[in-house]
Amino acid sequence: MMNNLFKTTLGIALTLGFAQCSTAQIKAVNSAEYALMSNTVEDLITAKEEIDKAKINPKSAELPKMYLVRSDVYARIAGAKNNELLQGLTNGAGLEAMVSIRKFHESTLPKKAEEKDNGIALAGNAFAAGYNEAIGFFATKSYDTLCIYYSELIAVYGYLDTAMSSNLANNKITKESLTETYAQVASLHSDKATKISILQGLVDKGNTVPAVVEGLSKAYLSIGDTVKAENCIRTALAASNNDDAMFQVLVNFFVGIKQEQRLYADVDRQIGIEPNSRLYYTRAYLNENQAKYDAAIADYRKAVELNEFNYDANFNLGLGLMKYESRKLYDKRSAAVGAKKKLVDEELKMLFMEAKKYLERALDNADYSTADQINICKALKSACLEIGDTAGAERYAALIKGME
């Protein structure tokens, strides 16, 4: 999403060409166009000087052709930014190329057929120049500036031809990925009102993907408006026909404001619509927090049954068996004698063996933090001791020591 375009992409884009338009009525625009016919940097500088004159001339400032030539000039400048002769002239060139080509396409003034064709070709040049230029702002965390760039990138993307769109898709750059990144950088904008305006604007335009909706919800939370924060999610959830990924945004919202108990009805309803491992895990988590341990264990089991690689469910199920189910058996054993006590001991051994199985599966998750891995190993060590597996307990003790 944030990877730089391959140099060949920009190279291809910048050589798509600009078929010469018919004689322009405005001298500066015509002069800039003429200068572009040469591939020298000196003439590119001349083209910039001429098109800058045209931009401030009332007679040419809003002409479609002026914007067309201006986009071409600035895209070429952005593409040659490493040339010493252009030092001091390339800052923001890619952005200017995008703004100009957008204004060309948005202009309602008459356009010649060849200008329209060139507008599509030059949209690719401008997009590549702007995208490559935007990359540098991620390192400096210039999120306010990135919002400006991604607004233009999304707009210009709509003018690309099929070949350029396919080329970008091969580099995992799509309108959806651009929108998601725009939402991410907007969520980090320094001004809360601007942040909300951008994200709400994306949602109003139909961009109700989870990343955008969650960003908007968090923006409303940042100004203390929990009602709007919740409503924007519920509206998007309804529009998405209760999409599971969007529902997870609602889950994250309630967890974030520490009101998980309000999720019960929503989770039950969502399970009725689209039951899956994650939903059962969520309900199990809610039940456990409310000390409804039997219900929690049952839901953790269901989550693992539906997806054996749900590591969180395996982790919590293993711990739950050791913490809650064993308690029942210990109470049962305290009242038992003789053969009955031996039977309970056997039940306890089987329980800890089962817990060990789930915890071992959880330990397969390489994405867990070191702290989580240590906790799993500690639980496994305890389980091994309970079932008399001395070698296993020593192995996990060594793993713990190596991670601490």
Side-chain angles (χ1 to χ4, degrees), residues 2-18 24 26-104 118-119 121-156 181 185 188-190:
M2 299 178 184
N3 59 309
N4 197 359
L5 286 178
F6 293 124
K7 292 181 180 179
T8 52
T9 302
L10 182 56
I12 291 172
L14 293 179
T15 56
L16 286 174
F18 175 54
I26 306 302
K27 181 180 178 182
V29 176
N30 207 31
S31 296
E33 181 183 27
Y34 181 78
L36 288 179
M37 296 177 69
S38 167
N39 288 322
T40 68
V41 175
E42 291 81 2
D43 284 332
L44 181 55
I45 294 173
T46 298
K48 179 184 181 303
E49 292 171 348
E50 292 299 314
I51 205 64
D52 284 348
K53 291 177 186 176
K55 184 66 179 72
I56 61 175
N57 186 333
K59 293 183 179 180
S60 58
E62 300 300 327
L63 288 179
K65 184 174 180 181
M66 191 286 300
Y67 284 124
L68 194 62
V69 176
R70 186 173 179 81
S71 180
D72 193 12
V73 170
Y74 276 88
R76 294 190 192 201
I77 289 173
K81 65 180 180 181
N82 294 324
N83 192 297
E84 292 183 1
L85 294 177
L86 292 174
Q87 188 173 5
L89 301 178
T90 63
N91 290 341
L95 178 61
E96 185 61 33
M98 291 194 294
V99 170
S100 295
I101 201 64
R102 172 177 58 79
K103 289 187 175 181
F104 166 79
N118 291 332
L122 290 179
N125 294 3
F127 183 94
Y131 188 94
N132 287 338
E133 194 168 272
I135 298 303
F137 291 105
F138 283 101
T140 59
K141 298 182 179 180
S142 303
Y143 301 118
D144 292 8
T145 301
L146 280 165
C147 285
I148 297 171
Y149 272 84
Y150 272 84
S151 174
E152 295 297 336
L153 283 166
I154 292 170
V156 174
T181 303
V185 296
L188 297 167
H189 199 285
S190 62

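Computed from a predicted structure; not experimentally measured.
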Give, for atom [atom1] of [X] and atom [atom2] of [Y], the distance between the pair rounded to the nearest 0.5 Å.
| X | Y | atom1 | atom2 | answer |
| --- | --- | --- | --- | --- |
| Tyr150 | Thr181 | OH | OG1 | 5.0 Å |
| Cys147 | Tyr143 | SG | OH | 10.5 Å |
| Ser100 | Leu95 | OG | CG | 9.0 Å |
| Ile148 | Phe137 | CD1 | CZ | 9.0 Å |
| Glu50 | Glu33 | CD | CD | 12.5 Å |
| Thr145 | Glu133 | OG1 | CD | 10.5 Å |

Answer yes or no: is there a side-chain heavy-atom contact under 4.5 Å between [X] and [Y]?
| X | Y | result |
| --- | --- | --- |
| Leu86 | Lys81 | no |
| Met66 | Phe104 | no |
| Tyr74 | Ile51 | yes |
| Val69 | Lys65 | yes |

Which heavy atom in [X] sits nearest to a heavy atom in [Y], and how many Å separate them?
| X | Y | answer |
| --- | --- | --- |
| Ala78 | Ala129 | CB-CB, 3.8 Å |
| Phe127 | Leu153 | CE1-O, 3.5 Å |
| Ala97 | Ser71 | O-OG, 2.9 Å |
| Leu146 | Ala134 | CD2-O, 3.4 Å |
| Leu85 | Asn83 | N-OD1, 2.9 Å |

Those residues at least two apart in sequence (or on a different chain) that pass side chain to side chain donor-acceptor pair (under 3.5 Å) with Glu49 are none
Verdict with reasoning, Met98 to Tyr149, per side-chain contact (heavy atoms from CB on, under 4.5 Å):
CA-CA 9 Å; Met98 291 194 294; Tyr149 272 84; 3.9 Å; yes
Please determine which of Arg70, Arg102, Lys55, Arg76 meets the salt bridge (Lys or Arg N to Asp or Glu O under 4.0 Å) test together with Glu96.
Arg70
Give every donor-acceptor pair under 3.5 Å between a side-chain atom in residues 41-48 and any protein atom, sequence neighbours left out.
unit_1: Asp43; atom_1: OD2; unit_2: Ser38; atom_2: OG; d: 2.7
unit_1: Asp43; atom_1: OD2; unit_2: Thr40; atom_2: OG1; d: 3.1
unit_1: Thr46; atom_1: OG1; unit_2: Glu42; atom_2: O; d: 3.2
unit_1: Lys48; atom_1: NZ; unit_2: Asp52; atom_2: OD2; d: 2.7

Between the main-chain N or O of Leu122 and the side-chain N or O of Asp72, is there a donor-acceptor pair closer than 3.5 Å?
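Side chain of Asp72 to backbone of Leu122: no pair is present.
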